[in-house]
Each structure stands twice: as structure tokens, then as C-alpha cells.
Amino acid sequence: MDSIAEEQDRPAETEDEPSEEAPRAAGTEEGISKEDGGASVTGEISSLSISSADDVVDKPEMTLKSEKLNEEVEAAEVSQIKTVLAADTPYSWAQTFEELNISENLLRGLYSEMKFERPSKIQGLTLPMILSPPYHHLIAQAHNGSGKTTCFVLGMLSRVDPEVQAPQAICVCPTRELAIQNEEVLLKMGKFANITSACAISTDFNKQSSTRRGQVVDQVIIGTPGTIKRWISTKILNTKQIKILVFDEADHMLAQDGFQDDSLRIIQNITKSNGGCQVLFFSATFNENVKNFTVRIAPKANQVFVKKEELSLDVIKQYRVRCPSDAEKVNILKDRIFPAAEKLGQSIIFVRTRASASNLHRRLDADGYKCTSIQGGLSNEDRDRVIREFRSGQTKILISTDVLARGFDQAQVTLVVNYDLPLKNAPPYGPDYELYLHRIGRSGRFGRKGAAFNLLVSAADEENLNQISQYFSRDIPEVPWDDDEAFEKVLKEAGLA
DNA sequence: AAAAAAC
């Protein structure tokens, strides 16, 4: 019944043909097909072509201006990254923002607002790909907290023509919190650029605001799939002049149990209205499935991937705590996590369900432990308030479902607790490796220190964590649950205490 | 056996 699955099961030979035929339109954005006339998402997919193997040129050795570099360091970093270029044209690795030929106003934003000095690894690598004509698509993977947001925000800002007062860039995010955060980065970075933005997320009075809302004339739209789709279908948002479309947390945006349908629909809408635009897919994780799917819908994209063994960040120390019972889990929070968290910055405690988020919150609250909680069942107003309080440092400990697992960027977060391990909810069952990485990546932002504690009770917990440990080739040592000193020692080891 | 968006 599922057209996507059928599509994936078809033999590759039959799919290779169209790409041979399709003329390579030099100087235009290519790949996500424009010849699609079908109205359905299915139509879009079946018309997409896969490039043949020799169509992509494998260039793992980027052209480096080696004389200026610490070659040893750069070589080590480059070796972790697998780069595939869309065409036989190498890009220069940008070591300074000046090399990118972006406007003075944007440079000013980068230096004086963002306090950046030079591009990070992923920025130096991908920004030339994003900003150089013919504006190929890009599928880019980079570590949590390594500066992906800057890549696509700067990409959008640079590609927008400030003189044209119409939507030219869209960024799609999986949660409203992430959309808000990304817009804040855009506003900051683009402070001097004279570019306007709109945040396309639901409000508590959605009906009212979206029917009353006039035509969107802002140049950059950042939002969540539902509202973006709605703005497009109600013609509030005209996509004719969209030049660049970004998927943040792209693996989730294209996952079948994520936002795949919404994302493809949005791509299709833009393709129908203007023949397509440059599309960027950014995430810290791409499992084999989604990776293949992403490459399939954007066959001519530049690709940047990281090996999974290299993904688990060394700066985040990971531990397991074997708890004798579920009841004891709460005590471990109270006796160990809370005191540490109060001293060491801020903490996020991840749980699996909305109900356990509010239950745990209530229980700790009743015993006088100050914390807040967030989950998708709260009103938008409450969600915004909880985030505001956490951002301001007013609250130190935040209990959360996976709504904050991805992308949420708060520099002060030093401790992440997996109160429940992240699990897959469909076959093949077992640990959700990607989610695990995203959760622990809420600490250790941009090279800071961080620690993650995994609370285990059952044999299944143990097994799941062992699999996670194995998958990322990382040892996850035990901290005895009843040993104060051991806990202190471990925090020191993590560079926190 | 869930969460996310949004209807």
C-alpha cells in the first residue's frame, strides 16, 4: 500500500535510466526534478531519478590551502569526513568568512553579533558549496554543536536579495522550539542585513492569526511543517521566488515515521510554483535508510557525511547507573543529579512519554525539588514560558520528552540524564541510536564539557545500552548508584566538578 | 508500546 516502500523495492536498473537522459542544466539548480506534473506526493517520488555511480565524482580530498593550515590537525579532521561532490568542480575550503564573498553587513553580524572569528570545520567546508553557483543541493552531516545552524542561516541570508520584498528562503524544522531558536539566530546574524523573517509556527489562536494574517512578504520563513504547508495552501505564502529551502534535522524530516510526507509535499509545492530551488539537508545523524532516501530525492546533491564511529562526541562523558528499582531512580535524581546540576549549570532529564514527564515533574515538585517540564501536550503558551525560564537560567533542571532531543541549544547545559532510554517504536525494535546521540548532544555545545547519565533498571535497559555502546564504539562505564564519592569523581573526570 | 505538527 505504501508507495514509498514500493519505490524503494524496485530494482535499481530501471531507475538509473532517466538520469542519463536528463540534460545537465549548468547554471541552474538541479536534481529535485521539475518535470513532475503529478499532484500527489507519490507522483513526485516516482519521477525522481537516481544518478549513476560515475555521475558523482568522489573527492574526499578537498582542495586545501595547506600553507596556511596546521596540516596535521586538518588532515585528521578531514579524514573523518566523507565528501562526494555533485559535479567535477572542487570547492575551496573557506578559512575565513571574507573568502565567502558575503556582504559587509553579514560579516558585521558574524563578527560583532555572533562573535565568530573564523568558520568552523563544517562551515568552512559547506559554505562554499552553499554559496557558489550553480547552487547545488547539499546533504550535510556534522556533529552536534559544531555549528550547522550557522551554515544554513548564513546560506539563507546570503542568497536572499534584500531589494526583493518577497519570500525567498524557507527553513523547515521538526519542532516549534527549534523554529523559534533558528529564527533568533537568523535575526542576530542578520541584524545589519536588512532582511525580514517570519516564524511559521502554530499559536494557541492559530485559526484567528492565520486567517487574519495577510500576505507574507518577509524574505525568510522559518517554521514547522504543518503551518508552512498551511500558509502555502491558503496562498498566504507565495513560493514563486523561493531560491533556497532548508531542512533542519533533515533525517527526521525525511523519515517515514517522521515528517516525510509533509517535507515532500513542501518540496513539491515549491517545485510546481517555480521549477525548484536549491535544497539543503542538515543533520547530525543519517541512518542508512534515510541517507539512501535523501540521496535518492536529491541525486545531484553535494554530500558531506561522517562515520558513525566518529559521531559520538568525546567531550561528552557517558555513564551508566544501574538502579535497583524504578522507585530508586527518583532518589538518584534527588540525591545525585539535582545537587550536581545546581552546581554545574543546567540539566535536561529525558523521559519517554508525555505522562512520565508531567508525573515525574509533579512528584519532584511535591518533594520540594525545583524543576520544570515540557512536552507536546502543553499549551504553546506554557511551552514558551518553560523555555523562557530555562533560557534565562531561572530554572536549572528541565524534564523533557524528545521534543527537545534535537537541536535545542543552551550553552549552560552540562548534564543530560536519560531517565528512560530512547527506544524505537516500530520494528526492528531496540535502542534508537540517532535519538541517543541527539539527546546527549544537548550538552557539550560547541566544544564545551558535558556528561550524560543513563539510568538502567531492567535487563532490557542493560542490553539496549550495550547495543548503543557497541554501535558507536564507545565504552559507557558504570557509576555505582549508591556511591557519592564515585559520582563526584566521575563529574571531575568529565571536567565539570 | 511514542513524540513531534496541526487539523
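Residue numbers begin at 1 in each chain, while the letters A, B, ... track the order of the sequences.
One interatomic measurement links the two molecules: CD of A:Glu249 to C1' of B:dA5, which rounds to 15 Å at whole-angstrom precision. Rounded to a whole Å, the CZ atom of A:Arg439 is 11 Å from the P atom of B:dA3. Atom CG of A:Leu423 is separated from atom P of B:dA3 by 12 Å (rounded to the nearest Å). Counting to the nearest Å, the C1' atom of B:dA2 and the OH atom of A:Tyr429 are 11 Å from each other. Protein atom CD of A:Gln256 is 17 Å distant from nucleotide atom C1' of B:dA3, rounded to whole Å. What separates CG of A:Asp432 from P of B:dA4 is a distance of 14 Å, to the nearest Å. For the pair A:Leu421 CG and B:dA1 P, the interatomic distance rounds to 20 Å; values are reported in whole Å. Counting to the nearest Å, the P atom of B:dA5 and the CG atom of A:Asp384 are 11 Å from each other.
At B:dA5, one or more side-chain N or O atoms of A:Arg383 fall inside 4.0 Å of OP1 or OP2 (strictly under the cut-off). Proximity of A:Arg354 to the phosphate of B:dA2: no side-chain N or O atom is located under 4.0 Å from OP1 or OP2. A:Thr224 has no side-chain polar atom (N or O) that falls below the 4.0 Å cut-off from OP1 or OP2 of B:dA4. The phosphate of B:dA1 has neither OP1 nor OP2 within less than 4.0 Å of any side-chain N or O from A:Thr353.
With no hydrogens or angles considered, a side-chain donor-acceptor pair links A:Glu463 and A:Gln467 at under 3.5 Å.
Looking at the side chain of A:Ser202, the nearest of the listed nucleotides B:dA5, B:dA1, B:dA6 is B:dA6. Residue A:Asp257 has its side chain nearest to B:dA2 when only B:dA1, B:dA6, B:dA2 are considered. Set against B:dA4, B:dC7, B:dA5, the side chain of A:Arg176 has B:dA5 as its closest nucleotide. Comparing B:dA4, B:dA5, B:dA6 by their closest approach to the side chain of A:Arg230 singles out B:dA6. Side-chain proximity of A:Pro225 to B:dA5, B:dA4, B:dA1: nearest is B:dA5.
Of the possible donor and acceptor atoms, none in the side chain of A:Glu342 sits under 3.5 Å from a partner among the backbone N and O of A:Lys396.
A donor-acceptor contact under 3.5 Å links the side chain of A:Asn425 to the base of B:dA2.
Below 30°, between 30° and 60°, or above 60°: for A:Tyr471 and A:Tyr433 the angle between ring planes is below 30°, a parallel geometry.
Stacking of A:Arg320 on the aromatic ring of A:Phe453 is not recorded, the 6.0 Å distance cut-off and the 45° axial limit not both being met.
At a threshold of 4.0 Å, the pair A:Arg445-A:Asp409 counts as salt-bridged, since one of the basic side-chain nitrogens sits closer than that to a carboxylate oxygen.
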